[in-house]
Amino acid sequence: MVWLLAILAYLLGSLSFAILLSRLSGGPDPRACGSGNPGTTNMLRIAGKRLAALTLLGDLCKGLLPVLIAEHADLDIRQQAWIGLAAVFGHLYPLYFNFRGGKGVATAAGMLLGLYPPAVLPAVAVWLLVFAFTRTSSLAALTATPFCLPLLAWQQPGALLPMLLLYGVIVWRHRGNLHALFAGRERHF
């Protein structure tokens, strides 16, 4: 059951809402415009608020839904976390789009929302605070993600290992942003 749900989660995660919404609206492929990332921030830059909001909602749901299904199937929190991580990997390396995906932040937030909703609050608060001061989405995401870990470790320790791995992957996917941040060339809003 766990493997089947993990495969289904990966396939769901492989649906790139940024690319699909761009195609449906007749817009450009987000992988070929702006930052080249098929995610909410780039959609905001190239397609506007409405499509960015829909991208965010879709990416959140594809992280949330597999965890809720796993919970409904009475799988333990550790199994739920690994299934959620499969959805995030689908977003990062989508089967349907030549394995060229996004950075995984919104899908990871959906996963976390399903695993333990209170852990989302500190991450969102830090994201908003960092973004308000820096106007830099990547820095906000990289700063906010680890703020959910202590609460998660305390309340849901079974989910901690997959979440640590998830944070490492998010940092890895943001390595270009980190280089740009250190060089003073990162994009701001």
### Task
Identify the two heavy atoms, one from Val120 and one from Ala109, that lie closest to each other, and give their separation to 0.1 Å.
CG2-O, 4.2 Å
#### Entry: Value rounded to 0.5 Å, distance of CD1 in Ile170 from CG in Leu165
10.0 Å
### Message
Before you tell me yes or no, could you show the steps for Leu51 and Leu54 under side chain to side chain contact (heavy atoms under 4.5 Å, CB included), namely the whole-Å CA-CA distance, both residues' side-chain angles and the distance that decides it to 0.1 Å?
### Response
CA-CA 5 Å; Leu51 289 182; Leu54 290 172; 4.2 Å; yes
### Sidechain-backbone polar pair: Arg100 side chain, Asn37 backbone, donor-acceptor under 3.5 Å
no
### Main-chain N/O of Thr107 paired to Asp59 side chain as donor or acceptor, under 3.5 Å
no
### Message
Do Leu152 and Ile77 sit in one hydrophobic cluster, given that two such residues count as connected whenever their side-chain heavy atoms are within less than 4.5 Å of each other, even indirectly?
### Response
yes
### Message
Can a donor-acceptor pair be found, under 3.5 Å and without considering hydrogens, that links the side chain of Ser14 to the backbone of Pro94?
### Response
no
### Message
I'd like to know if Leu115 and Trp82 are part of one continuous hydrophobic network [Ile/Leu/Val/Met/Phe/Trp/Tyr, side-chain heavy atoms within less than 4.5 Å].
### Response
yes
### Query
Does some side-chain heavy atom of Gln156 sit less than 4.5 Å from a side-chain heavy atom of Met163?
no
### Query
Taking side chain as C-beta onward, heavy atoms only, is Pro66 less than 4.5 Å from Leu5?
no
#### Entry: Positive for side-chain contact (heavy atoms from CB on, under 4.5 Å) with His174, one of Thr145, Val169, Val105, Leu181
Val105
### Query
Is the closest side-chain heavy-atom distance between Glu186 and Leu139 below 4.5 Å?
no
### Query
Do you know which two heavy atoms are closest between Trp127 and Ala144, and how far apart they sit?
N-CB, 3.6 Å
### Which atom of Cys33 lies closest to which atom of Asn42, heavy atoms considered
O-ND2, 3.0 Å
### Message
Which heavy atom of Pro38 sits nearest to which heavy atom of Ser16, and what is that distance?
### Response
CB-OG, 3.8 Å
### Message
Tell me whether Tyr10 contacts the main-chain N or O of His91 through its side chain, where contact means a donor paired with an acceptor under 3.5 Å.
### Response
no
### Task
Say whether, by atom type as modelled, one donor and one acceptor occur between the side chain of Lys62 and the main chain of Leu15 under 3.5 angstrom.
yes
### Task
Could you tell me whether a side-chain N or O of Glu71 sits under 3.5 Å from a main-chain N or O of Gln80, the two making a donor and an acceptor?
no
### Task
Step by step, work out the side chain to side chain contact (heavy atoms under 4.5 Å, CB included) result for Lys49 and Leu44.
CA-CA 5 Å; Lys49 291 178 183 176; Leu44 182 59; 3.7 Å; yes
### Task
Write down the atom of Cys148, the atom of Ala119, and the distance for their closest heavy-atom approach.
CB-O, 3.3 Å
### Query
Is Phe147 atom CZ crowded by more than 12 heavy atoms from other residues, nucleotides or ligands, each under 6.0 Å away?
no
### Message
I need the Arg45 CZ to Ser35 OG distance, nearest 0.5 Å.
### Response
6.0 Å
### Summary
OG1 of Thr40 to CG of Leu60, rounded to nearest 0.5 Å, is 7.5 Å
### Message
Between Thr136 (side chain only) and Ser138 (backbone N and O only), is there a donor and an acceptor less than 3.5 Å apart?
### Response
no
### Query
Out of curiosity, Leu113 CG to Cys61 SG, how far, rounded to the nearest 0.5 Å?
9.0 Å
### Task
Please step through side chain to side chain contact (heavy atoms under 4.5 Å, CB included) for the pair Val171 and Leu178, ending with a clear verdict.
CA-CA 8 Å; Val171 170; Leu178 286 167; 4.0 Å; yes
### Message
Are Leu12 and Phe99 connected into the same hydrophobic cluster when the rule is that any two of I, L, V, M, F, W, Y join if their side-chain heavy atoms are below 4.5 Å apart?
### Response
yes
### Query
Can you get from Phe89 to Leu166 by hopping between Ile, Leu, Val, Met, Phe, Trp and Tyr side chains that sit under 4.5 Å apart?
yes
### Query
Are Leu56 and Leu121 connected in the hydrophobic side-chain network, where two residues link if heavy atoms are under 4.5 Å apart?
no
### Message
Set out, in order, the CA-CA distance, both residues' side-chain angles and the distance that settles side chain to side chain contact (heavy atoms under 4.5 Å, CB included) for Ile19 and Tyr96, then state yes or no.
### Response
CA-CA 11 Å; Ile19 296 170; Tyr96 316 121; over 6 Å; no
### Task
Compare all side-chain heavy atoms of Phe17 with those of Met43 and state whether any distance is below 4.5 angstrom.
no
### Message
Just so I know, are the side chains of Phe131 and Leu128 near enough to count as touching, which here means a heavy-atom distance under 4.5 Å?
### Response
no
### Message
Can you confirm whether more than 12 heavy atoms, excluding those of Arg135, are under 6.0 Å from its CZ atom?
### Response
yes
### Task
Could you tell me which non-hydrogen atom of Ala153 sits nearest to which non-hydrogen atom of Pro157, and how far apart they are?
O-CB, 3.5 Å
### Query
Thr55 side chain to Gly39 main-chain N or O, any donor-acceptor pair under 3.5 Å?
no
### Query
For the side chain of Arg173 and the backbone of Gly102, is there at least one donor-acceptor N/O pair under 3.5 Å apart?
yes
### Message
Closer than 3.5 angstrom, by distance alone: can the side chain of Thr143 be matched with the main-chain N or O of Ala140 as a donor-acceptor pair?
### Response
no
